[in-house]
Protein chains: 2
Amino acid sequence: MSGGVEWALHCCVVLTSVDEPAPAARLAQLHDVSPSYLAKQLQALSGAGLIRSVQGKAGGYILARSPGSITVLDVVEAVDGPAPAFVCTEIRQRGPLATPPEACTTPCAIARTMAGAEQAWREALRSVSIADLASDVGSTNPGALAGISTWLRQV
Amino acid sequence: MSGGVEWALHCCVVLTSVDEPAPAARLAQLHDVSPSYLAKQLQALSGAGLIRSVQGKAGGYILARSPGSITVLDVVEAVDGPAPAFVCTEIRQRGPLATPPEACTTPCAIARTMAGAEQAWREALRSVSIADLASDVGSTNPGALAGISTWLRQV
DNA sequence: ACAATCTCGGACACTTTGTATCCGAGAACA
DNA sequence: TGTTCTCGGATACAAAGTGTCCGAGATTGT
């Protein structure tokens with residue numbers, strides 16, 4: 001999985017506690033990561049409609065929807081792409097003993113197993129929202145988001 | 001995920017129906033894939049103890065254990081490595097507002113969510129064995145494994 | 001109305017991982 | 001004992017991920 005997913009998730013949690021747009025450069029400074037590369041991830045989130053970009057002098061990024069309606073799966077798919085990790089090559093239809101195409105109406109057992117496992121993974125990520133992550137941070141580290149919110153406003 | 005996982009799984013299913021060692025080159029010919037690259041995957045399976053290599057003139061690969069005791073997860077971890085897809089960089093401890101290390105006794109909410117999802121994925125793969133895959137092939141395509149078994153013996 | 005300044009957006013190099021290949025070491029058979 | 005076949009690790013090639021840059025566009029203030 002792409003490493004930028006972690007950055008994107010942290011940024012979404014941070015954006016929960018701000019109401020004014022936050023510039024990408026400032027978010028990168030907060031996390032001490034590459035500003036240019038973080039911009040790429042934020043672009044992906046913007047393209048997926050999870051966050052909204054505001055251009056101009058006081059521009060930046062803000063959440064496009066309610067934190068409770070954005071799931072972790074949404075962020076992962078936006079950054080890493082919606083393609084599944086396992087893709088069946090249908091090698092059962094290749095080679096000297098290839099099974100005829102008319103007998104391949106359903107996916108093979110291997111493909112079904114992999115698809116089921118990825119479905120379970122996807123479901124687990126869909127059951128957690130950005131709001132859940134933010135509330136967890138608020139309980140384990142009280143006042144952290146408030147401090148970040150004020151810090152983002154400062155010059 | 002590495003594409004060689006599919007090849008390795010198909011080879012394990014095929015090895016279910018043979019009792020004599022099957023050479024890697026013949027398995028590659030059966031599936032119409034790169035012989036050299038398939039050899040790499042079989043080496044990984046051999047190193048993990050899932051299959052056993054027999055050198056010499058009538059050598060090849062055979063299953064090291066009962067098909068029911070080898071899970072799909074075993075094969076995936078042997079080929080793709082046991083490392084999890086998501087690795088937490090602990091970026092909460094970086095930047096100007098870094099949380100102190102003494103407050104980071106437990107993994108953050110993001111890391112826990114990802115770990116839980118991967119656990120569900122791993123559990124789904126662990127619940128399916130090579131014997132299950134072979135029996136499925138035997139029911140949807142009767143006689144296929146028998147034909148492969150005889151073909152592997154031929155010159 | 002206009003210019004200045006700050007923002008995002010996509011196009012451009014570099015590094016790491018995955019893909020594919022080859023030849024040497026070792027064991028069984030004649 | 002020699003031959004032939006096998007696996008095993010070390011070696012090139014390709015693709016995707018990582019990181020960076022500059023131009024297009026909008027807002028703010030004059």
Side-chain angles (χ1 to χ4, degrees), chain A residues 1-8 11 15 18 20-29 31-62 64 76 78-87 89 91 152 155, chain B residues 1-8 11 15 18 20-29 31-64 76 78-87 89 91 152-153 155:
Chain A
M1 167 175 343
S2 173
V5 173
E6 188 182 6
W7 302 4
C11 285
L15 288 179
V18 299
E20 304 173 0
R26 194 125 185 90
L27 290 171
Q29 186 182 358
H31 296 49
D32 187 24
V33 298
S34 166
S36 313
Y37 192 39
L38 179 63
K40 199 184 195 61
Q41 320 298 341
L42 295 174
Q43 276 178 39
L45 293 179
S46 174
L50 304 180
I51 63 178
R52 186 151 293 280
S53 68
V54 180
Q55 281 197 346
K57 194 166 189 179
Y61 286 104
I62 55 174
V76 171
V79 174
D80 241 34
F86 182 87
V87 285
T89 319
I91 66 180
L152 282 173
V155 178
Chain B
M1 168 174 344
S2 172
V5 172
E6 187 182 5
W7 302 4
C11 285
L15 288 180
V18 299
E20 303 171 1
R26 195 125 184 90
L27 290 171
Q29 186 182 358
H31 296 50
D32 189 22
V33 296
S34 165
S36 313
Y37 192 39
L38 180 63
K40 196 183 197 62
Q41 320 297 343
L42 295 174
Q43 275 179 40
L45 294 178
S46 174
L50 303 180
I51 63 178
R52 186 150 293 280
S53 68
V54 180
Q55 280 198 346
K57 194 164 189 177
Y61 286 104
I62 54 175
L63 287 180
V76 172
V79 173
D80 243 33
F86 181 87
V87 285
T89 318
I91 66 181
L152 283 173
R153 279 183 238 283
V155 178

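What you see is a predicted model, and the numbers here were worked out from it, not measured in a lab. Residue numbers start from 1 in every chain, and the chains themselves are labelled A, B, ... in the order their sequence lines are given, proteins ahead of strands.
Within the model, atoms OG of S2(A) and CD of Q41(A) stand 5.5 Å from one another, a figure rounded to the nearest 0.5 Å. Summarising the geometry, atom NZ belonging to K40(B) is positioned 13.0 Å from atom CG belonging to L45(B); distances are rounded to the nearest 0.5 Å. The NE2 atom of H31(B) lies 7.5 Å from the CG atom of L38(B); values are rounded to the nearest 0.5 Å. R153(B) CZ to R26(B) CZ: the interatomic distance, rounded to the nearest 0.5 Å, is 11.5 Å. Atom SG of C11(B) and atom CG of L50(B) lie 12.5 Å apart (nearest 0.5 Å).
Taken residue by residue, residues 78-85 of chain B places no heavy atom nearer than 4.0 Å to DNA chain C. Within residues 41-49 of chain B, the residues having any heavy atom under 4.0 Å from DNA chain D are, by residue number, Q43(B), S46(B).
Residues W7(A) and A25(B) both approach DNA chain D. Their nearest nucleotides, taken by heavy-atom distance, put A25(B) toward the 5′ side.
The two residues S46(A) and Y61(A) make their nearest non-hydrogen contact at CB-CE2, 4.1 Å. Nearest heavy atoms, I91(B) versus E6(A): N-OE2, 4.2 Å. Nearest heavy-atom pair, G59(B) versus P21(B), reported as atom, atom and distance to 0.1 Å: C-CB, 3.7 Å.
OP1 or OP2 of dG8(D) has at least one side-chain nitrogen or oxygen of S53(B) nearer than 4.0 Å.
Taking atom CG of residue L50(B) and atom C1' of nucleotide dC7(D), one finds them 17 Å apart after rounding to whole Å. Rounded to an integer number of Å, the gap from M1(A) CE to dG18(C) P is 14 Å. In this structure, CG of L152(B) is placed 13 Å from P of dT6(D), rounded to the nearest angstrom. Atom CG of L27(A) is separated from atom P of dT7(C) by 11 Å (rounded to the nearest Å). Regarding I62(B), its CD1 atom lies at a distance of 12 Å from the P atom of dC7(D), rounded to whole Å.
Two residues are said to be in side-chain contact when any heavy atoms from C-beta on lie closer than 4.5 Å; L15(A) and I62(A) fail this criterion. In this structure, the side chains of L42(A) and L27(A) come closer than 4.5 Å at one or more pairs of heavy atoms.
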Could you list the protein-to-nucleotides 21-26 of chain C atom pairs, N/O on both sides, closer than 3.5 Å?
residue	atom	partner	partner atom	Å
dT21(C)	OP2	S34(B)	OG	2.3

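Counting any heavy atom pair closer than 4.0 Å across all strands shown, G60(B) reaches sugar-phosphate atoms only and no base atom.
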